[in-house]
Participant: 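Sharing a structure below in structure tokens format, with a few things to ask.
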Amino acid sequence: MVNVLRSRVVRRVAERVLGAYGRMVYAGSARHCPVCGGTFRRFLPAGLSARPEARCPACGSLERHRLSWLFFTRHTDLFQRRIRMLHLAPEPCTARRLEAMPGIDYLSGDLVPGLAAEVMDITDIGYDDGSFDVIYCSHVLEHVPDDARAMAELCRVLRPDGWALFQVPVRGERTYEDWSRTTERERLEAFGQHDHVRVYGMDITQRLERAGFAVRVVHLCSDMTDEEIVRYGLDRTEPLFYCTRSTSRHA
């Protein structure tokens, strides 16, 4: 436990130093990161394909983090009431801000020790039914072999009047899985990343519904101008999956 805490402290100090450096070197006003509030002359490339204008120079947020943060602030009550929140596989850029919010009883969980407040298996969450008002699960399910069980667990621990936000990489309409792809190289070729086990299509909504969720697909960029999309560094095609517990869950 001491080593885990020490590694988290070291990581946070390094993040602060790199953040200050990024703010100084890339100072400007053409780009704005809603996660950390910084303004910059440009964002940085990121990913295996070196996506242009993808990473915030200060906090390290990517397109998906900035998209979800804009959704939180513009379309939810996340920062307007006291809530208990579960954040799976927390990204440091968003975790830091959520943890610091006075109205949020924030809990992060990850399967890998040291990356979150608790070691947590998303397919076997050790909390009672209806434990959380809000669940945030971004780019996690594509790593989980039994995603049906993970979705059902997340629905179980969500309060009846709560909501969850899911993000996954989406390609096309139908989810692609091939369980014969077992090596890192095979998974990289098939799914675009060595630790992914599928590529979701828009039929992920049906999987979430089978787990007990009512799903609303949100295309946040459709309500934004081109100038806003560029300024915030967003992927205009990325959907958000806003979920509540279905009223027919126990019917």
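Just the heavy atoms: all of them, side chains too, but no hydrogens, waters or symmetry mates, feed the values below. Numbering of residues begins at 1 and proceeds along the displayed sequence.
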Participant: Output all residues satisfying side-chain hydrogen bond (donor to acceptor under 3.5 Å, both in side chains) with Arg236, sequence neighbours left out; order by chain, then residue number.
Facilitator: Asp226
Participant: With a 4.5 Å cut-off on side-chain heavy atoms, are Leu48 and Leu188 touching?
Facilitator: yes
Participant: Would you say Val170 and Met202 make side-chain contact, with heavy atoms under 4.5 Å?
Facilitator: yes
Participant: Report yes or no: does His143 contribute a side-chain atom to a donor-acceptor pair with the main-chain N or O of Val140 at less than 3.5 Å?
Facilitator: no
Participant: Between Gln167 (side chain) and Arg64 (backbone), is there a donor-acceptor pair under 3.5 Å?
Facilitator: yes
Participant: If you measure from CG on Leu158 to CZ on Phe213, what distance do you get to the nearest 0.5 Å?
Facilitator: 6.0 Å
Participant: Should the pair Glu153-Arg156 be classified as a salt bridge under the 4.0 Å nitrogen-to-oxygen rule?
Facilitator: yes
Participant: Please answer whether the main-chain N or O of Asp203 pairs with a side-chain N or O of Gln206 as donor and acceptor at a distance below 3.5 Å.
Facilitator: no
Participant: Hey, is the main chain of Gly233 close enough, under 3.5 Å, to the side chain of Glu63 for a donor-acceptor pair?
Facilitator: no
Participant: Within the side chain of Ser108, is there an N or O that forms a donor-acceptor pair under 3.5 Å with the backbone of Ala117?
Facilitator: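 Yes, the answer is positive, given that a donor and an acceptor are paired below the 3.5 Å cut-off.
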Participant: Decide if atom CZ of Arg174 counts as having more than 12 heavy atoms of other residues, nucleotides or ligands within a radius under 6.0 Å.
Facilitator: no
Participant: Report the distance from atom CD of Glu118 to atom CG of Leu111, rounding to the nearest 0.5 Å.
Facilitator: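 These two atoms lie 13.0 Å from each other.
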Participant: Arg84 vs Asp133, test: salt bridge (Lys or Arg N to Asp or Glu O under 4.0 Å). Steps then yes/no.
Facilitator: CA-CA 5 Å; Arg84 192 180 191 199; Asp133 299 288; over 6 Å; no
Participant: Has His196 got a side-chain atom pairing as donor or acceptor with Arg187's backbone, closer than 3.5 angstrom?
Facilitator: no
Participant: Among the clusters formed by ILVMFWY side chains lying less than 4.5 Å apart, do Leu86 and Phe166 turn up in the same one?
Facilitator: yes
Participant: Would you say Thr39's side chain and Arg31's backbone share a donor-acceptor pair under 3.5 angstrom?
Facilitator: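 Between the backbone of Arg31 and the side chain of Thr39 there is no qualifying donor-acceptor contact (under 3.5 Å).
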Participant: Please report the interatomic distance CG(Leu165) to NE2(His75), rounded to the nearest 0.5 Å.
Facilitator: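 If I round to the nearest 0.5 Å, the distance is 11.5 Å.
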Participant: Looking at side-chain heavy atoms only, is the closest gap between Pro169 and Gln193 below 4.5 Å?
Facilitator: no
Participant: Please report the C-alpha distance between Cys59 and Cys33 in whole Å, then the side-chain angles of each, then the deciding distance to 0.1 Å, and finally whether the side chain to side chain contact (heavy atoms under 4.5 Å, CB included) criterion is met.
Facilitator: CA-CA 9 Å; Cys59 72; Cys33 175; 3.7 Å; yes
Participant: Parallel, tilted or perpendicular: which fits the ring planes of Trp163 and Phe72, with parallel below 30° and perpendicular above 60°?
Facilitator: tilted
Participant: So, Arg198 and Thr175: side-chain donor and acceptor under 3.5 Å apart, yes or no?
Facilitator: no
Participant: Return the CZ to CD distance between Arg96 and Glu91, rounded to the nearest 0.5 Å.
Facilitator: 11.0 Å
Participant: Tyr242 ring centre to Arg216 NZ or CZ under 6.0 Å, with the angle to the axis within 45°?
Facilitator: yes
Participant: Main chain of Ser61, side chain of Arg66: is a donor-acceptor contact present, judged purely on distance under 3.5 Å?
Facilitator: yes
Participant: Check this for me, if you would: do Arg51 and Glu238 make a salt bridge, where the nitrogen-to-carboxylate-oxygen distance has to be below 4.0 angstrom?
Facilitator: no
Participant: Could you state whether Val168 and Leu208 fall into the same hydrophobic cluster, counting links through intermediate Ile, Leu, Val, Met, Phe, Trp or Tyr residues with side-chain heavy atoms under 4.5 angstrom apart?
Facilitator: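 Yes, Val168 connects to Leu208 through the hydrophobic network.
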Participant: Once rounded to the nearest 0.5 Å, what's the spacing between atom OG1 of Thr247 and atom CZ of Arg245?
Facilitator: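 One gets 11.0 Å once the value is rounded to the nearest 0.5 Å.
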Participant: Has Arg81 got more than 12 heavy atoms of other residues, nucleotides or ligands less than 6.0 Å from its CZ?
Facilitator: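 Above 12, so yes.
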Participant: Using side-chain heavy atoms (C-beta onward) and a distance below 4.5 Å, is Cys137 in contact with Ile122?
Facilitator: yes
Participant: Can you classify the ring geometry of Phe79 versus Trp69 as parallel (below 30°), tilted (30 to 60°) or perpendicular (above 60°)?
Facilitator: tilted
Participant: Any chance you could lay out the side chain to side chain contact (heavy atoms under 4.5 Å, CB included) test for Met151 and Ile204, step after step, and finish with the verdict?
Facilitator: CA-CA 11 Å; Met151 292 174 183; Ile204 184 179; 4.1 Å; yes
Participant: Tell me, please, which residues at least two apart from Arg149 pass side-chain contact (heavy atoms from CB on, under 4.5 Å).
Facilitator: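 Counting only residues at least two positions away or on another chain, Arg149 forms a side-chain contact (heavy atoms from CB on, under 4.5 Å) with Thr123, Asp124, Asp146.
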Participant: Applying a strict under-4.5 Å side-chain criterion to I, L, V, M, F, W and Y, I'd like to know whether Val199 and Val144 cluster together.
Facilitator: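 They do not share one cluster, since no chain of ILVMFWY contacts under 4.5 Å joins Val199 to Val144.
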Participant: Hey, any chance Leu107 and Ile83 share a hydrophobic cluster, counting ILVMFWY side chains that come within less than 4.5 Å of each other, even indirectly?
Facilitator: no
Participant: How many angstroms lie between OH in Tyr176 and CZ in Arg171, if you round to the nearest 0.5 Å?
Facilitator: 9.5 Å
Participant: Is there a continuous path of hydrophobic side-chain contacts, each under 4.5 Å between heavy atoms, that joins Leu70 to Leu78?
Facilitator: yes
Participant: Report yes if some heavy atom in the side chain of Asp235 is under 4.5 Å from a heavy atom in the side chain of Leu67; otherwise report no.
Facilitator: no
Participant: Begin from the C-alpha positions of Tyr136 and Leu88 and carry the test side chain to side chain contact (heavy atoms under 4.5 Å, CB included) through to its verdict.
Facilitator: CA-CA 6 Å; Tyr136 179 34; Leu88 284 309; over 6 Å; no
Participant: Side chains of Thr73 and Pro34: closer than 4.5 Å at any heavy-atom pair?
Facilitator: no
Participant: Donor-acceptor pair, Arg97 side chain versus Val35 backbone, under 3.5 Å?
Facilitator: yes
